[in-house]
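Read through the structure below, which is laid out as structure tokens, and then see the notes.
Note that ligands are numbered from 1 as they come in the structure, with each ligand's atoms numbered from 1 the same way. Please read these numbers as outputs of a predicted model, since none were measured by experiment.
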Amino acid sequence: MISQLIFGIILLAALVLFYRNASKIYRNIKLGKSVDRFDQPGERIKIMLLVAFGQKKMFKRPIPALLHLFVYVGFVIINIEMLEIVIDGLFGTHRVFSEALGGLYDFLIFSFEILAFLVLMGCVVFMIRRNVLKVKRLNQSELNNWPKTDANLILTAEILLMAAFLTMNAADLKLQVLGVEGYHAVGSFPISSYLLGILPDSPSVLIGIERFCWWFHIVGVLAFLNYLPISKHLHILLAFPNTYFSRLEPKGEFDNMPSVTEEVKVMLDPSLPPPTGEPSRFGVKDVQDLTWKNLLDAYTCTECGRCTSACPANITGKLLSPRKIMMDTRDRVAEVGKNIDKNGSFVEDGKALLDTYISREEIWACTSCNACVEQCPVNINPLEIIIGLRQYAVMEESQAPSSINNMFSNLENNGAPWKYSQADRANWANQ
Ligand code: SF4
Ligand code: SF4
């Protein structure tokens, strides 16, 4: 009874804490400006199923994709077992579904064990790639310190959880073999049966191991759930809404700024009524100027670096990394969120996404090629943020690199980016 009570308290505390932290992230995402991503639900569901559920874009690199698939499918499916663990924990039962499901239960335990083993192996290989082989995209400067620790913590946690799951099953199986009361013969254990030889024969020690692993597994999963909001691993939840709300317009098609369009229309046709209201700001200086989808992108980024490894600016040694753009955006919106928590509403802190987090050198290094957008396995768009920051620099501050200022002068004087007069524009045809 006491253990049921303790279990109930831990479960409730974990769920309340997760709800509290998830609500803050939702509030932070809503700090962004509105953008309509609710049209064409059929097309959106198709993209979500293909990209998030089917991991379509991951398979551009088959080996990490396969390992990621093991970890993703395994981790998700094994956690179906959580339902049984929760019921057992609350009602003091043991393997409550075994009688009701009969042979299906054996099949499920068999599948869970295979998947647990694949998850464990996948995580070990990921650890080796990251820490021993030092794959370049997993060891770039923006991952120094916390992001690197975060990635290793996630992999270690998954390895420990799977090891606890398999050890729990092995102890359970041995107790079944010894005919200990309360451990009736049930389940099929293709992996954990190999551990029987290393377990002791004493029923009381075996029960201790089985109970310890059971508690370790459930408390570990609940702790992991509450670790998600401060980790890049949040993508296991946000990949689904993020792909659903993908941009459906052709890649490379830039959005006009409505306030500018309105002003230009009035200039061309003075009979139109003047624009109503002042736009608060052209472009993006801080995270509140981004759209909610940009902020959802930032929280969804897995820090995989596929964008950065395809970015021509980064490849040629420029300062720009689209992964860092997303990480900086998330760090800044989290900082703004904490500011709101502390003060009730946002109090100016003298910082901004532009300059405090992302430098001018980074934004002007972008070629707007869209390679980062194309590569991202969860349909994140770093380019939109870069363009917004540039728009602010140009339209609010008249600050742009000299090469671009020359082009602006040419556009103004000649109606074209080149420095020829309009009268000479067709001269090329006479050559
Ligand atoms: S759009 Fe910009 S940030 Fe993205 S890959 Fe191209 S150059 Fe890099
Ligand atoms: S933006 Fe996409 S591709 Fe780039 S690091 Fe994040 S998840 Fe990976």
Element-labelled atoms of ligand 1 that are located less than 4.0 Å from some non-hydrogen atom of [X]:
| X | answer |
| --- | --- |
| Thr367 | 2 (Fe), 6 (Fe), 7 (S) |
| Cys369 | 1 (S), 5 (S), 6 (Fe), 7 (S) |
| Ile386 | 3 (S) |

For this session: Using the side-chain hydrogen bond (donor to acceptor under 3.5 Å, both in side chains) rule, collect all pairs that involve residues 124-136, keeping only residues at least two apart or in two chains.
Result: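 As it turns out, the side-chain hydrogen bond (donor to acceptor under 3.5 Å, both in side chains) pairs with a partner in residues 124-136, which skip direct neighbours, are Asn131-Asn152.
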Problem set entry | For Phe117, side chain to side chain contact (heavy atoms under 4.5 Å, CB included) partners two or more places apart |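 Expected list: Met121, Ile191.
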Problem set entry | Distance filter under 4.0 Å to Pro377 heavy atoms, resulting ligand 2 atoms |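 That gives atoms 3 (S) of ligand 2.
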For this session: Tell me which protein heavy atom sits closest to atom 8 (Fe) of ligand 1, plus the residue, atom name and distance to 0.1 Å.
Result: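 Protein heavy atom at minimum distance: Cys311 SG, 2.4 Å.
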Exercise. Got the closest protein heavy atom to atom 4 (Fe) of ligand 1, with its distance?
Worked result: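 Nearest protein contact, heavy atoms only, for atom 4 (Fe) of ligand 1 is Cys372 SG, 2.3 Å.
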For this session: Anything under 30° is parallel, anything over 60° is perpendicular, the rest tilted; go ahead and classify Trp146 against Tyr227.
Result: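 Answer is perpendicular, since the angle exceeds 60°.
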Exercise. Nearest to atom 3 (S) of ligand 1 by heavy atom, Leu320, Thr316, Val373, Asn314: which?
Worked result: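 Comparing heavy atoms across Leu320, Thr316, Val373, Asn314, the nearest one to atom 3 (S) of ligand 1 lies in Leu320.
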Exercise. For atom 6 (Fe) of ligand 2, which protein N/O/S atoms are closer than 2.8 Å?
Worked result: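 Under 2.8 Å from atom 6 (Fe) of ligand 2 - ignoring waters, which are not counted - the protein N, O or S atoms are Cys301 SG.
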Exercise. For Phe165, which residues count as a ring-ring contact (aromatic ring centres under 6.0 Å, His included) partner, sequence neighbours excluded?
Worked result: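 For Phe165 the ring-ring contact (aromatic ring centres under 6.0 Å, His included) partners, ignoring immediate neighbours, are His217.
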Is the [atom1] atom of [X] crowded by more than 12 outside heavy atoms at less than 6.0 Å?
| X | atom1 | value |
| --- | --- | --- |
| Asn145 | CG | no |
| Arg20 | CZ | no |
| Phe53 | CZ | no |

Exercise. Between Lys251 and Glu374, is there a salt bridge with N-O shorter than 4.0 Å?
Worked result: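 Salt bridge between Glu374 and Lys251, a charged N being under 4.0 Å from a carboxylate O: yes.
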For this session: Could you tell me whether the side chain of Asp172 and the main chain of Met168 form a donor-acceptor pair under 3.5 Å?
Result: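 Checking the backbone N and O of Met168 against the side chain of Asp172, no donor-acceptor pair under 3.5 Å is found.
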Exercise. CG/Leu237 to OH/Tyr299 distance, rounded to the nearest 0.5 angstrom?
Worked result: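 Interatomic distance, Leu237 CG to Tyr299 OH, rounded to 0.5 Å: 14.0 Å.
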Exercise. Counting backbone and side chain alike, does Cys366 bring an N/O/S atom below 2.8 Å of atom 6 (Fe) of ligand 1?
Worked result: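 Looking at Cys366, which is the residue asked about, there is no N, O or S atom under 2.8 Å from atom 6 (Fe) of ligand 1.
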For this session: Classify the contact between Ala310 and ligand 1 as side chain, backbone, both or neither, using a heavy-atom distance cut-off of under 4.0 Å.
Result: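 Ala310 to ligand 1: no contact under 4.0 Å from either part.
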